[in-house]
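Working notes for the structure below.
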Amino acid sequence: MGGYIDLDESGFDPDLHLPIRGKWYTVPSPHTWEDTKRLRQRIVESGLPPVEQVDDALTILGAVRDPETGELEPAGVLAEMTSDNLPWPIILHAGRTAQLHFGYSPEMAEAHWGLSWLGKVTDLEKLVELFGRKKPSKKQKAKTSKRGDR
C-alpha cells in the first residue's frame, strides 16, 4: 500500500552501534513496551541521565541482576566490553548514550556521544556557572552601552 516498504526489506536497524577503539559494539534496542516506557519516563523526568543512574546504564548494555545476590552481572554487550578491557568511563559513557538514544532521541544521543571530550578541554563547573547567571535587564544593558561609558 502506498509508498511504504516493509522495514525488514528497507535495511532499518533499530539497534545502536557505537564505535569504540576501532571496534563496533551493538546495543540492542529495548524489545518490550514496558522497558521502553520505563526508560522514556526516566529520561523525561530527569533529563540527561546523571552519573548516579549507573544501574540503568549497565542494564541497557545488557547487565542482568543475580537473583541471589542482587548484584548486576555483565551480560550482552557489557560482557563484551568488559572482556575487551574497556575502561569504566568508556563503558559508562556508552551506557548513558544508549539511554539517551532509546529513551529520548538518536540526535540527543549523538550529541552526547560527540561531546565526550568537552570536559577535558573546558572547566565544566565554570560553564555551568556562566550559563546559570541571570541575564542583565534591558535597563542594565542600556546603562553600559552608552557611548560615553567606554
Side-chain angles (χ1 to χ4, degrees), residues 1-138 140-141:
M1 288 178 89
Y4 293 102
I5 61 172
D6 188 304
L7 287 178
D8 286 341
E9 296 172 11
S10 73
F12 178 79
D13 184 357
D15 297 335
L16 173 62
H17 305 278
L18 298 173
I20 303 172
R21 295 187 170 173
K23 180 176 178 177
W24 287 89
Y25 294 88
T26 299
V27 182
S29 69
H31 291 288
T32 69
W33 169 246
E34 287 305 315
D35 288 344
T36 303
K37 186 172 128 181
R38 182 190 61 77
L39 179 60
R40 289 192 59 81
Q41 284 175 331
R42 281 288 281 252
I43 298 299
V44 170
E45 288 172 5
S46 63
L48 181 67
V51 175
E52 292 80 26
Q53 292 180 3
V54 172
D55 282 5
D56 287 349
L58 296 175
T59 300
I60 202 160
L61 294 176
V64 293
R65 193 163 301 281
D66 183 305
E68 292 179 18
T69 66
E71 296 291 320
L72 284 175
E73 299 292 333
V77 71
L78 177 61
E80 185 180 355
M81 290 174 162
T82 57
S83 72
D84 288 343
N85 293 315
L86 291 183
W88 170 243
I90 288 176
I91 292 171
L92 181 59
H93 188 66
R96 294 178 78 212
T97 300
Q99 285 178 283
L100 286 171
H101 180 87
F102 297 120
Y104 190 75
S105 76
E107 294 80 14
M108 179 64 78
E110 189 174 342
H112 174 74
W113 183 260
L115 294 175
S116 64
W117 55 269
L118 189 60
K120 294 177 185 173
V121 296
T122 60
D123 182 346
L124 292 178
E125 288 184 28
K126 186 103 172 157
L127 280 176
V128 168
E129 178 185 321
L130 289 172
F131 283 117
R133 286 187 189 160
K134 292 183 179 180
K135 292 181 181 180
S137 69
K138 289 182 181 180
Q140 288 172 327
K141 283 184 180 178

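For this chain, numbers begin at 1 and follow the sequence in order.
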**Asked** Taking only residues two or more places apart in sequence or in another chain, which ones pass side-chain contact (heavy atoms from CB on, under 4.5 Å) with S83?
**Response** none
**Request:** Taking all heavy atoms of P30 and all of D35, pick out the closest pair and write down the distance.
**Result:** CB-CB, 4.2 Å
**Message:** Once side chain to side chain donor-acceptor pair (under 3.5 Å) is applied, do any residues pair with T26, and if so which ones, sequence neighbours excluded?
**Reply:** H17
**Message:** Quick test of your reading: applying ring pair (Phe, Tyr, Trp, His ring centres under 6.0 Å), list the pairs with at least one residue in residues 18-40, sequence neighbours left out, ordered by first then second residue.
**Reply:** none
**Prompt:** Which salt bridge (charged side-chain N to carboxylate O under 4.0 Å, His left out) pairs, counting each pair once, include a residue from residues 85-94, with sequence neighbours left out?
**Reply:** none
**Item:** All pairs passing salt bridge (charged side-chain N to carboxylate O under 4.0 Å, His left out) where residues 11-22 contributes a residue, at least two apart
**Value:** none
**Complete:** To the nearest 0.5 Å, atom CG of L72 lies from atom CG of L78 at 8.5 Å
**Fill in**
What one should report as the nearest heavy-atom pair of I90 and L86 is CG2-CD1, 4.2 Å
**Prompt:** If you look at every heavy atom in P14 and S29, which pair is closest and at what distance?
**Reply:** O-CB, 3.3 Å
**Prompt:** Please, which pairs that meet ring pair (Phe, Tyr, Trp, His ring centres under 6.0 Å) have at least one residue in residues 55-79, sequence neighbours excluded?
**Reply:** none
**Message:** So, using salt bridge (charged side-chain N to carboxylate O under 4.0 Å, His left out) as the criterion, who are the partners of R38 when residues are at least two apart?
**Reply:** D56
**Message:** Among residues at least two apart in sequence or on other chains, which ones pass salt bridge (charged side-chain N to carboxylate O under 4.0 Å, His left out) with K23?
**Reply:** E80, D84
Cut-off 3.5 Å, no hydrogens considered: what does the side-chain donor-acceptor table look like for residues 57-69, sequence neighbours left out?
unit_1, atom_1, unit_2, atom_2, d
T59, OG1, D55, O, 2.7
R65, NH1, G70, O, 2.5
R65, NH2, D55, OD2, 3.2
D66, OD1, E68, N, 2.7
D66, OD1, T69, N, 3.1
T69, OG1, E71, N, 3.1

**Item:** Sequence neighbours excluded, every pair satisfying ring pair (Phe, Tyr, Trp, His ring centres under 6.0 Å) that has a member inside residues 56-103
**Value:** H93-H112, H93-W113
**Complete:** Residue pairs passing the ring pair (Phe, Tyr, Trp, His ring centres under 6.0 Å) test with at least one member in residues 65-87, sequence neighbours excluded, are none
**Item:** Which residues share a side chain to side chain donor-acceptor pair (under 3.5 Å) with S10, sequence neighbours left out
**Value:** none
**Prompt:** Is it the case that more than 12 heavy atoms not belonging to E110 sit under 6.0 Å from its CD atom?
**Reply:** no
